[in-house]
Each structure stands twice: as C-alpha cells, then as structure tokens.
Amino acid sequence: MIELNKKYPVYAISGNRETGMAMQYIKSLEEGNNVSWDINSTMGAPLLSMERMSESSKEYITSLKDSLILNFDNADSIYLQHKMPLSEEVRNYLNEKGIKNVLTAHTHENHINNYDGFELFNPGSVGLTDTGIPGADYGVMTYRNNHWIMEQKHVDYDYEQQIENCKNNTDLMENCKYWGKALIAAIQTGINVPALYMFEKNRIAKLYTENPNLTEFPLEEISFGIGR
C-alpha cells in the first residue's frame, strides 16, 4: 500500500484487524507492556504478522482513520466506513452534508443495496472471500449519469500455489494450531473458514473456562458446517 501510494492516490481506512488487533499490539509495546497474545490462540496468526511487520508499516497502520469522506469536483461524495451499521450520529451528519453513497466492507461478501436511504457498496474481499466461490472479489466504481455504479469483479488465481505456500510455512501450520488448515480450507471453498473456526472455538472454550484463548479442549466438540 505504501509503495502503491507513491504512484497512485490511495485512500484507506482502518478495519477490524487494524483497530482491534494491530493497534492493540502497537499500543501495548509503546506503553512498555508485554503483549499477552499466545501463538497457540486465536491471536497466533496476527501475532506472527505483527512480529514480522516493518516499522514503516506499523506507522502507516496507526495513521489510518476509522472513516473517510472522498470529495470530487464532478461527482457525488462517498463516505467510507469499514463496518455497518451506520450510527444515528453518522446518518444525521451524512444527511446534513447530502452524502448518500457509502463504501463499506467487513463481511467479505460483495453486494450493492439500499440502507435507510443510503446506497451501500461492498466490493467483497480480495484476500479471503466468503461467498462460496473460490477466488478474489473487488469492485470498480464509475460515476455515470449522475450516480455511482459499482461493477463487481471476480478473478481466479493459482490456488494450488497458495496452498503450497501455507503448507511450507512452519509457523502457520505447526505453531498456530489449526489456522493453517482453516486458511487452506478457505482457499479451496471460498468461505471464511478461519472465522468459523474462531467463533466455534471461542464458544467451546467458554464451556470449559472464561479464557477465550484456550486451545486445548476435546476436538470432538468442534462442529460447524461449510456451505451456503
């Protein structure tokens, strides 16, 4: 993203990974506190990412805002917010400014719909789709006939190579418990299996302890379906 911004205008906001995980990690280090994440917990993969992240990337992440308004000379403005719904305060503000177009994300599913008078555009996920169709999703927005139109795009990539990359990553496959297998399943199915695993593991962990980072419990308890 940093390199891309040197050639093209790049507008980005903070998502749940940045706000809820990366910034938490960075803030703990800045305050001189130990990061309590465990390589064997649901924070294992984020922990590996943060330990390997460059200082410039960390600075970039902490500079991101939660929301952003893009204004154009000859087109309607667009409001960017990672997660829905829009709060009453935000809805009132956007209505006062006459902004009706909202670009959102989070669900990993591309869609276009109407919400309380606002036009919502969700381009889906390039890295981890959740539509049941393997591949990468993104959107191309064009201002035409006085309104924004988003063309939803889907592309394939070398799935087998990405699976091999996962299998060859010792930290991911051996140290991060079942995250590697979940990621491979996501590549193969086009479903956000890591999220399913995390939600189910946390649910089961609460049956045995109040600690959501628990990883050692009867595996036969894990049960969730994959499909749409």
Apply side chain to side chain donor-acceptor pair (under 3.5 Å) to residues Thr131 and Asn110 and explain how you reach the verdict. CA-CA 8 Å; Thr131 61; Asn110 53 1; 5.9 Å; no

Can you list the steps and then say if Glu109 with Asn122 is a side-chain contact (heavy atoms from CB on, under 4.5 Å)? CA-CA 7 Å; Glu109 298 179 72; Asn122 189 325; 5.8 Å; no

Would you say Tyr115 has more than 12 foreign heavy atoms packed within less than 6.0 Å of its OH?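 Above 12, so yes.
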
Do the side chains of [X] and [Y] get close enough for a salt bridge, i.e. N-O under 4.0 angstrom?
X	Y	answer
Asp66	Lys83	no
Glu55	Lys58	yes
Glu151	Lys153	yes

Spatial distance of atom [atom1] ([X]) from atom [atom2] ([Y]) [nearest 0.5 Å]:
X	Y	atom1	atom2	value
Asp171	Leu48	CG	CG	5.0 Å
Glu18	Lys65	CD	NZ	16.0 Å
Asn71	Asp73	CG	CG	9.5 Å
Glu30	Thr62	CD	OG1	7.0 Å
Ser67	Leu103	OG	CG	12.5 Å
Gln24	Lys27	CD	NZ	9.5 Å

If you compare all heavy atoms of [X] against all heavy atoms of [Y], which two are closest, and at what distance to 0.1 Å?
X	Y	value
Ile112	Met150	CD1-O, 3.4 Å
Asp130	Asn192	OD1-N, 2.8 Å
Ala186	Pro194	CB-CD, 3.8 Å
Tyr79	Leu86	CE2-CD2, 3.8 Å
Thr129	Ile133	OG1-O, 3.4 Å
Asp116	Asn114	N-OD1, 3.9 Å

Examine [X] and [Y] and state if one hydrophobic cluster contains both, with Ile, Leu, Val, Met, Phe, Trp and Tyr joined whenever side-chain heavy atoms are less than 4.5 Å apart.
X	Y	answer
Leu64	Val90	no
Met84	Ile69	yes
Val102	Ile99	yes
Tyr11	Phe121	yes
Met23	Met53	yes

Heavy-atom side-chain proximity of [X] to [Y] below 4.5 angstrom:
X	Y	value
Val140	Pro123	no
Ile26	Met50	yes
Ile149	Met141	no

Under 3.5 Å donor-acceptor, [X] side chain and [Y] backbone:
X	Y	result
Thr189	Ile191	yes
Thr104	Gln81	yes
Trp179	Leu172	no
His108	Ser125	no
His154	Gln152	no
Gln162	Tyr159	no
Asn169	Asn165	no

Are Lys100 and Phe118 in a cation-pi contact, defined as NZ or CZ under 6.0 Å from the six-membered ring centre and within 45° of the axis?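 Yes, a cation-pi geometry.
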
After noting the C-alpha distance and the side-chain angles of Phe72 and Tyr143, does the key distance pass the side-chain contact (heavy atoms from CB on, under 4.5 Å) rule? CA-CA 10 Å; Phe72 308 93; Tyr143 195 70; over 6 Å; no

All side chain to side chain donor-acceptor pair (under 3.5 Å) counterparts of Lys97, not counting sequence neighbours: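 In terms of side chain to side chain donor-acceptor pair (under 3.5 Å), with neighbours along the sequence ignored, Lys97 is linked to no residue.
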
Please tell me whether Asn16 and His106 have a donor and an acceptor in their side chains that are separated by less than 3.5 angstrom.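 Looking only at side-chain atoms, His106 and Asn16 do form a donor-acceptor pair, the distance falling under 3.5 Å.
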
Just do the side-chain contact (heavy atoms from CB on, under 4.5 Å) check on Val155 and Tyr138 with the steps written out, would you? CA-CA 9 Å; Val155 295; Tyr138 66 98; 4.1 Å; yes

